[in-house]
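What follows is a short report on a single structure.
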Protein chains: 2
Amino acid sequence: MPSSKNVLQSSGDVMKKPMEIQPTNNDVTRVNDATLRQFLGYHMKRAFNVVQADLLRTLKPFELRMLTYTALVLITDNPGLRQSQLAAAMDIERPNLVVILDELERRELILRERVPTDRRAYALAPTLAGRQLCDKAVAAVTAHENRLLEHLDQDARAAVEAAMKLIEKGAGRG
Amino acid sequence: MPSSKNVLQSSGDVMKKPMEIQPTNNDVTRVNDATLRQFLGYHMKRAFNVVQADLLRTLKPFELRMLTYTALVLITDNPGLRQSQLAAAMDIERPNLVVILDELERRELILRERVPTDRRAYALAPTLAGRQLCDKAVAAVTAHENRLLEHLDQDARAAVEAAMKLIEKGAGRG
DNA sequence: TATTGTTATACTCTATAACTATA
DNA sequence: TATAGTTATAGAGTATAACAATA
């Protein structure tokens with residue numbers, strides 16, 4: 001059993017005043033989410049949804065989504081990458097990467113080249129068009145992030161980045 | 001055009017040394033993700049994946065998922081809530097809420113009660129079993145978060161929470 | 001007309017098992 | 001036998017259009 005000294009007693013105690021929601025009241029700000037607001041994961045999900053939606057909008061002109069964008073960037077920065085390495089780097093399963101690469105290959109943004117020394121594997125490489133689209137997309141995403149994070153100063157951004165890395169590492173605990 | 005003074009020149013300049021990935025090298029840490037690491041969204045996605053996976057594991061014994069858990073907590077803390085209000089609070093579309101509530105109702109954790117003053121609407125309320133399960137789940141999730149964030153001090157957690165809120169608000173920009 | 005909840009549908013992301021061809 | 005990539009499939013989350021009942 002963990003210590004859990006910060007444990008809230010949940011609904012029983014939180015609901016001192018049950019809030020009496022009016023039938024015609026559509027004001028979402030009135031909904032009591034005090035219990036959920038105690039969880040960092042709740043805030044992370046909501047913030048990430050915003051980032052994700054904005055990223056999707058930003059990538060739309062390039063006909064890229066988050067996954068196709070990530071794959072294209074990693075292939076461009078790591079020519080010769082194997083699919084299994086890319087899947088591991090992207091934290092997705094190998095089968096799910098296949099369709100992503102199919103799409104990028106069909107659009108002639110990347111190439112799958114047979115590796116002579118291991119004929120099971122493919123070496124992934126960007127085409128010229130792929131590199132050019134990648135550059136444009138990265139610039140657009142950079143601008144989109146700066147716009148979205150304009151109210152976060154450099155210290156805050158660094159704090160968030162450090163925290164996210166710690167959380168990610170924390171996955172390895174028992 | 002945004003100022004974008006932090007813009008990286010992307011692959012063209014990042015790839016000074018193309019990294020020469022060896023055919024037998026499966027070490028993911030060797031993959032150059034310098035371009036992506038510049039984006040807070042990249043770190044947020046990876047960290048959120050960890051949180052999400054851990055939450056799912058935590059909720060498994062209660063046969064809850066993130067969405068059913070969130071709905072149950074909000075209904076428990078806001079008895080009388082309408083479905084449209086809940087959907088708005090959860091930031092999901094009304095049709096997608098229906099199946100979530102169907103599941104909670106089938107398990108007799110919540111009730112859909114007709115509102116006399118507006119016979120189109122349902123007032124959502126937890127059953128006794130729903131309240132009890134909610135309490136247990138909230139306690140479990142609290143413990144899970146404390147475990148996952150044990151390397152983040154209170155200042156760091158507050159900084160992240162503040163940043164997430166700012167990002168969420170940032171969605172309202174033009 | 002507008003709104004509440006609903007159905008139907010489609011797309012994306014995710015996860016697993018099983019296959020092929022190589023090693 | 002093990003690995004790289006693939007196929008097939010299923011579960012979840014998300015988004016939109018259209019409908020019935022009600023306002």
Side-chain angles (χ1 to χ4, degrees), chain A residues 21-28 45-46 48-50 52-53 55-57 59-60 63-71 75 80-105 110-124, chain B residues 21-28 45-46 48-50 52-53 55-57 59-60 63-71 80-88 90-105 110-124:
Chain A
I21 293 158
Q22 298 308 316
T24 54
N25 174 19
N26 251 343
D27 189 350
V28 177
K45 180 183 168 70
R46 297 182 75 90
F48 181 65
N49 279 351
V50 168
Q52 163 99 321
L55 180 63
L56 200 62
R57 235 179 304 135
L59 292 176
K60 194 114 193 177
E63 292 184 87
L64 291 170
R65 303 182 309 282
M66 188 178 239
L67 288 173
T68 51
Y69 167 74
T70 305
I75 292 168
L81 199 66
R82 308 278 174 280
Q83 292 189 195
S84 54
Q85 290 174 309
L86 180 54
M90 289 176 66
D91 248 323
I92 65 176
E93 300 302 317
R94 271 70 72 218
N96 296 327
L97 181 60
V98 174
V99 291
I100 293 168
L101 297 182
D102 284 349
E103 183 180 333
L104 293 176
E105 193 183 33
I110 65 158
L111 297 170
R112 282 194 252 223
E113 297 177 303
R114 277 283 178 208
V115 178
T117 56
D118 185 346
R119 300 208 9 256
R120 295 172 302 183
Y122 287 112
L124 302 172
Chain B
I21 293 157
Q22 296 308 317
T24 55
N25 173 18
N26 251 344
D27 188 350
V28 178
K45 180 183 169 68
R46 297 182 77 91
F48 181 66
N49 280 350
V50 169
Q52 162 98 321
L55 180 64
L56 200 62
R57 235 179 302 135
L59 293 176
K60 195 117 191 172
E63 294 185 86
L64 291 170
R65 303 183 310 281
M66 188 179 237
L67 288 173
T68 51
Y69 167 74
T70 305
L81 200 64
R82 309 277 173 282
Q83 293 188 197
S84 54
Q85 290 176 309
L86 180 55
M90 291 177 65
D91 248 324
I92 64 176
E93 299 301 317
R94 272 68 74 217
N96 297 328
L97 182 60
V98 174
V99 291
I100 293 168
L101 297 182
D102 284 349
E103 183 180 333
L104 293 176
E105 192 182 34
I110 65 158
L111 297 170
R112 282 194 251 223
E113 299 176 301
R114 276 286 178 205
V115 178
T117 56
D118 184 345
R119 301 207 12 257
R120 294 172 302 182
Y122 287 111
L124 302 171

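Here the structure is a predicted model, which is why all the values come from computation and not from measurement. In what follows, every chain begins at residue 1, and chains take the letters A, B, ... in the order their sequences are listed.
Distance B:E113 CD to C:dT4 C1': 17 Å, rounded to the nearest Å. As a whole-Å value, the separation of A:Y69 OH from C:dC13 C1' is 19 Å. One interatomic measurement links the two molecules: CG of B:L64 to C1' of D:dG13, which rounds to 17 Å at whole-angstrom precision. The separation between B:L97 atom CG and D:dA15 atom P is 14 Å, rounded to whole Å. Protein atom CG of A:L124 is 11 Å distant from nucleotide atom C1' of D:dG5, rounded to whole Å. Put simply, OH on A:Y122 is 16 Å from P on C:dT20, counting in whole angstrom units. Rounded to an integer number of Å, the gap from CD1 of B:I100 to C1' of C:dG5 is 14 Å. Residue B:Q52 contributes atom CD, which lies 13 Å from atom C1' of D:dG11 at whole-angstrom precision.
In this structure a side-chain-to-backbone donor-acceptor pair under 3.5 Å is present from A:R82 to A:G80.
The residue among A:Q83 and A:N49 whose nearest nucleotide of DNA chain D lies closer to the 5′ end is A:Q83. Summary of the strand contacts: A:R119 and A:L56 both lie near DNA chain C, and taking for each the nucleotide with the nearest heavy atom, the more 5' one is attributed to A:L56. Residue order along DNA chain D, read from the 5' end via each residue's closest nucleotide, puts B:M66 first among B:M66 and B:R114. Mapping A:R65 and B:R94 onto DNA chain C by nearest heavy atom places B:R94 closer to the 5' end of the strand.
Nearest nucleotide to the B:L67 side chain, out of C:dT4, D:dA2, D:dG13: D:dG13. The side chain of B:I92 has D:dT14 as its nearest neighbour among D:dT14, C:dT6, D:dT7. Looking at the side chain of B:R82, the nearest of the listed nucleotides C:dG5, D:dG5, C:dT6 is C:dG5. For A:K45, taking side-chain heavy atoms from C-beta onward, the closest of the listed nucleotides D:dA17, D:dT14, D:dT7 is D:dT14. Across D:dT14, C:dT16, D:dA4, the shortest atom-to-atom separation from the side chain of A:R120 is found for D:dA4.
Among all heavy-atom pairs drawn from B:A87 and B:L97, the shortest one is N-CD2, 3.7 Å.
Between A:E105 and A:L111, the closest side-chain pair of non-hydrogen atoms is not below 4.5 Å. Counting heavy atoms from C-beta outward, B:R65 and B:L59 have side chains that stay 4.5 Å or more apart. Contact check for B:N96 versus B:L67: no side-chain heavy atoms found under the 4.5 Å cut-off.
The phosphate of C:dT6 (OP1 or OP2) has a side-chain N or O of B:R112 nearer than 4.0 angstrom. B:S84 has a side-chain polar atom (N or O) that falls below the 4.0 Å cut-off from OP1 or OP2 of C:dG5.
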(request) Assess whether side chain to side chain donor-acceptor pair (under 3.5 Å) is satisfied between B:R114 and B:Y122, documenting all intermediate values. (result) CA-CA 5 Å; B:R114 276 286 178 205; B:Y122 287 111; 3.2 Å; yes
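A:E93 comes within contact range of at least one nucleobase, with a heavy-atom separation under 4.0 Å.
A donor-acceptor contact under 3.5 Å is not formed by the side chain of A:D118 with the base of D:dA4.
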